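Since the structure comes first, as structure tokens, the remarks are kept for the end.
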Amino acid sequence: MIPYGRQHIDEDDILAVERILRGDFLTTGPAIAAFEKDVAQYCSAAEAVAVANGTAALHVAMLALGIKPGDEVIVPPLTFAATANCVRYVGATPVFADVDEKTLAIDPVDVGRKITPSTKAVIGVDYAGNTCDWDALKATVAGKDIILVADSCHALGATYKGVKTGTVVDLTVFSFHPVKHITTGEGGMILTDDADTASRCRLFRTHGITSDSHQRDKANAWYYEMTDLGFNYRMTDIQAALGSSQLKKLDGFLARRREIAKQYDDLFAECERVTPLGKTAGCEHAYHLYVVKVPERSKVFSHLRQSGIGVNVHYIPVHLHPYYRRELGLGPGLCPAAEAAYEQIISLPMFPDLTDAEILTVADTLTGFINDLP
Ligand SMILES: *Cc1c(COP(=O)(O)O)cnc(C)c1O
């Protein structure tokens with residue numbers, strides 16, 4: 001089976017992890033600070049806070065922003081559930097705004113319609129590795145006390161108008177799950193240029209216990225204070241060392257992902273029933289996913305799976321999950337563009353080690369089946 005996504009691990013990665021295992025610190029040692037600095041530098045961000053996974057990064061972002069019960073946070077429905085779940089973790093309400101039917105990124109016009117006096121933040125998802133239309137989103141929230149958060153779990157290394165994800169908006173979240181651009185096994189990070197926000201993220205990462213030595217009683221070195229209700233969301237040094245080693249290869253991974261996308265684009269140019277997604281103006285795509293719209297998606301999906309091609313569907317609209325139907329009374333009709341897209345989308349294999357021969361196999365299997373449909 002050709003998977004839809006897969007990590008690339010080489011000898012350097014293995015040696016980087018081995019060095020940690022032979023050293024003094026398995027967690028919260030120098031590898032964490034080094035990985036944070038590496039990612040911050042790569043993205044030109046002032047601050048980076050490593051955490052246990054992307055979901056924890058989203059949760060910590062909500063905590064650091066002070067989102068609380070009664071607040072609303074606008075999110076898109078075509079995303080991994082964690083984008084909305086993080087809002088529920090802090091007792092606030094996710095409000096779903098529809099997506100643009102061509103790019104499947106959150107639609108700034110619908111965001112505008114969903115803003116109320118309770119709206120505190122908008123989480124835009126850089127879906128598939130194509131960024132949101134951030135300038136339009138900035139214009140939509142201009143003059144209002146609303147923070148923009150980027151869920152860039154799909155888009156490490158993408159750029160928007162020449163700026164790398166990580167600094168396009170106030171707060172950016174990445175995931176280092178094995179299917180993402182670089183992996184730490186499990187891992188996540190929050191990037192921001194604001195030192196106060198970063199220090200609040202660090203606080204919530206470690207139980208809400210202050211690590212600021214100035215606040216500790218000088219005479220009693222054992223003294224510490226828990227000032228907020230935080231979590232243990234720390235990343236280990238084992239993971240961080242893997243991350244720094246992976247980051248060195250990111251530009252190569254991105255180049256190969258873009259090459260694969262170009263080959264798919266060319267192969268599908270002839271087949272008018274296979275429609276690749278549109279791109280946001282000014283975005284250099286990072287291609288976490290290669291998504292196409294097809295007719296008879298369920299049949300196409302089964303045929304490809306039976307042919308040994310590990311396709312996937314990203315995503316079931318989050319507001320249609322039983323939890324959101326039950327808890328928030330949501331359901332079909334809320335986001336028509338996302339719901340219509342959901343019936344048509346399929347994610348094709350996309351990862352750096354995918355071979356040219358496999359790309360041809362995927363494209364031939366897909367177009368062959370579609371051309372035979374009535
Ligand atoms: C992967 C992902 C997450 C969550 O990341 P984890 O590291 O798996 O917790 C959140 N949002 C999006 C859009 C993702 O793709």
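Since the model is a prediction, treat every value here as computed from it, not as a measurement. Basis for what follows: all heavy atoms, side chains included, without hydrogens, waters or symmetry-related copies. One-based numbering, in listed order, for ligands and for the atoms of each.
With a 4.5 Å cut-off on side-chain heavy atoms, I345 and H314 do not count as touching. Between F96 and T79, every side-chain heavy-atom pair lies at or beyond the 4.5 Å cut-off.
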Tabulate distances under 3.5 Å between N/O atoms of ligand 1 and N/O atoms of the protein, writing both atom names on each line.
| residue | atom | partner | partner atom | Å |
| --- | --- | --- | --- | --- |
| ligand 1 | 5 (O) | S175 | OG | 3.3 |
| ligand 1 | 7 (O) | G54 | N | 2.7 |
| ligand 1 | 7 (O) | S175 | OG | 2.7 |
| ligand 1 | 9 (O) | G54 | N | 3.3 |
| ligand 1 | 9 (O) | T55 | N | 2.9 |
| ligand 1 | 9 (O) | T55 | OG1 | 2.6 |
| ligand 1 | 11 (N) | D151 | OD1 | 3.4 |
| ligand 1 | 11 (N) | D151 | OD2 | 2.8 |
| ligand 1 | 15 (O) | H154 | NE2 | 2.9 |
| ligand 1 | 15 (O) | K180 | NZ | 3.0 |

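Counting non-hydrogen atoms of other residues, nucleotides and ligands closer than 6.0 Å to CZ of R22 gives a total of 12 or fewer.
Partners of K279 according to the salt bridge (Lys or Arg N to Asp or Glu O under 4.0 Å) rule, which considers only residues two or more places apart in sequence or in another chain, do not exist here. For the side chain to side chain contact (heavy atoms under 4.5 Å, CB included) test, residues two or more places apart in sequence or in another chain that qualify with Q41 are K37.
Among pairs with a residue in residues 352-361, those fulfilling salt bridge (charged side-chain N to carboxylate O under 4.0 Å, His left out) read R256-D356, at least two apart in sequence or across chains.
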